[in-house]
Number of protein chains: 2
Amino acid sequence: MALEHAILVSLSERSGSGYELARRFERSIGLFWNATHQQIYRVLKRMEEAGWVAVDLVEQSGRPDKKMYTVSTAGHAELVRWLAEPDPAATTQELAVKIRGASFGDPAAVAAELTRHRDSHAERLDVYRQIEKRDFPDPAALHGRSLHQYLVLRGGIRVEEGQVEWFTEVRQALRRDADHHTKGTP
Amino acid sequence: MALEHAILVSLSERSGSGYELARRFERSIGLFWNATHQQIYRVLKRMEEAGWVAVDLVEQSGRPDKKMYTVSTAGHAELVRWLAEPDPAATTQELAVKIRGASFGDPAAVAAELTRHRDSHAERLDVYRQIEKRDFPDPAALHGRSLHQYLVLRGGIRVEEGQVEWFTEVRQALRRDADHHTKGTP
DNA sequence: CAGGTCATGTAAGTCGTTACATGATTCA
DNA sequence: TGAATCATGTAACGACTTACATGACCTG
């Protein structure tokens with residue numbers, strides 16, 4: 001349910017129409033998010049009613065009219081609020097949106113949220129590793145059904161390892177960048 | 001939309017009620033799949049109507065009656081069919097279900113599907129790495145918005161790397177296991 | 001005796017996908 | 001001329017979540 005916020009981030013980077021947003025979601029933002037144009041049109045309408053975006057109707061010769069969307073003051077405030085809000089149920093996708101949008105709010109708050117999520121993923125990883133030790137002490141001897149169960153567990157371990165490493169990398173980079181700024185180096 | 005097949009795998013491992021299935025999805029299968037009990041009840045009803053599962057009403061003293069579900073011949077056939085069917089749009093979760101259920105069908109077909117997905121993830125990884133080289137040749141110098149964009153790209157690269165490695169590991173393990181069987185060692 | 005577990009279900013709402021519709025322009 | 005791109009939208013359906021309802025048993 002953070003499509004609204006993904007759109008706020010994208011529109012903060014550059015204003016655009018619903019159609020343009022749909023194209024962006026196919027490309028750069030689509031690395032971690034996908035949304036159809038119908039979905040985007042409906043959410044944009046909702047966001048307009050909520051006052052998060054302003055619409056500017058652009059008439060074009062030949063091509064159909066365009067609705068250019070721009071983030072309003074209220075929309076920016078909502079983005080800042082959401083970026084700083086802790087969400088223990090956030091998916092990796094949502095966290096990626098927060099990272100991408102960090103400069104439109106408080107990067108330190110985003111870094112703090114990442115620390116919390118890194119810790120909870122590290123806990124999960126620990127649980128998985130304990131299951132691995134307890135239930136599969138001799139992986140080389142496995143075959144058939146228990147081998148397949150083990151391989152899925154290995155996948156879970158790999159995913160959690162990756163998350164923990166990535167969150168750590170991002171946290172460090174965000175802090176290094178913040179230090180840079182306080183030291184006066186742009 | 002492969003909840004049906006995840007349930008078929010789980011019921012193939014052991015018959016059970018909707019309630020029990022919901023608990024399993026919270027635990028072992030929940031490593032890579034989550035489903036609420038309401039969802040499971042509705043899907044089970046659909047599966048019963050399709051003839052994929054048979055129901056046995058078990059009366060219990062004290063506790064409410066149980067509906068024990070068992071995979072039918074038609075359900076097993078459907079699972080075998082699905083396991084062997086190539087699906088270029090399959091998510092990692094769905095592939096994990098196929099791995100976990102491989103022994104109920106043809107493990108070689110599952111291994112072939114994994115090869116295809118490993119290749120497509122390797123291609124994606126290549127694209128991401130090219131973007132990295134082209135747009136972020138000097139990561140250490142990045143700051144602010146472009147740093148944040150780079151960090152998200154790094155996340156995408158990590159995810160794809162992890163997938164490629166995992167699929168490779170699983171493929172090799174499945175093949176080693178198949179060789180074992182053909183050589184007569186159980 | 002309050003709270004958790006076993007066990008199933010209805011109802012309402014949100015979210016997302018798929019199909020369809022329009023209509024001009026550009027390119028092969 | 002047929003397909004693709006630009007640009008928006010309606011309608012219907014399917015998937016999934018959240019809240020509510022029931023009722024007995026067991027544990028602290």
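Letters A, B, ... mirror the listed sequences (proteins, then strands); counts begin at 1. What you see is a predicted model, and the numbers here were worked out from it, not measured in a lab.
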Task: Main-chain N/O of L151(B) paired to W166(A) side chain as donor or acceptor, under 3.5 Å - done: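 The answer is yes, because a donor-acceptor pair under 3.5 Å joins these two groups.
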
- [ ] Indicate yes or no for a side-chain donor-acceptor contact from S146(B) to the backbone of L142(B) under 3.5 Å, with no hydrogens or angles considered.
- [x]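 Checking the backbone N and O of L142(B) against the side chain of S146(B), no donor-acceptor pair under 3.5 Å is found.
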
Does [X] have a side-chain nitrogen or oxygen under 4.0 Å from the phosphate oxygens OP1 or OP2 of [N]?
X      : N       : value
S17(A) : dT8(D)  : yes
Y19(B) : dT8(C)  : no
Y41(B) : dG9(C)  : no
T36(A) : dT18(C) : no

- [ ] Let me know, please, whether A35(B) or R42(A) comes out on the 5' side of the other along DNA chain D by nearest nucleotide.
- [x] R42(A)

Task: Residue closer to the 5' end of DNA chain D, Y69(A) versus H37(B) (nearest nucleotide) - done: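 On the 5' side of the pair lies Y69(A).
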
Rounded interatomic separation in angstrom, taking [atom1] from [X] and [atom2] from [N]:
X      : N       : atom1 : atom2 : answer
E48(A) : dT8(D)  : CD    : P     : 12 Å
L44(A) : dG9(D)  : CG    : P     : 9 Å
K66(B) : dT5(C)  : NZ    : C1'   : 13 Å
H5(B)  : dA15(D) : NE2   : P     : 13 Å
Q39(B) : dA19(D) : CD    : C1'   : 16 Å
L3(A)  : dG16(C) : CG    : P     : 6 Å
D56(A) : dT8(D)  : CG    : P     : 12 Å
R23(A) : dA7(D)  : CZ    : P     : 10 Å

Task: Nucleotide nearest Q38(B) when distance is taken to its side chain, options dT18(D), dA7(C), dA15(D) - done: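 Closest of the options to the side chain of Q38(B): dT18(D).
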
Task: From dA7(D), dG9(D), dC6(C), nucleotide with atom closest to K67(A) side chain - done: dG9(D)

- [ ] May I ask you to say whether R158(B) pairs ionically with E169(A), meaning some side-chain N is under 4.0 Å from a carboxylate O?
- [x] yes

Open item on the list: Quick one about E78(B) and H5(B) (side-chain donor to acceptor, distance below 3.5 Å, no hydrogens or angles considered), yes or no?
Closed with: yes

- [ ] Please test E48(B) against K67(B) for salt bridge (Lys or Arg N to Asp or Glu O under 4.0 Å), starting from the C-alpha separation and ending with a verdict.
- [x] CA-CA 11 Å; E48(B) 195 198 330; K67(B) 286 186 181 173; 5.6 Å; no

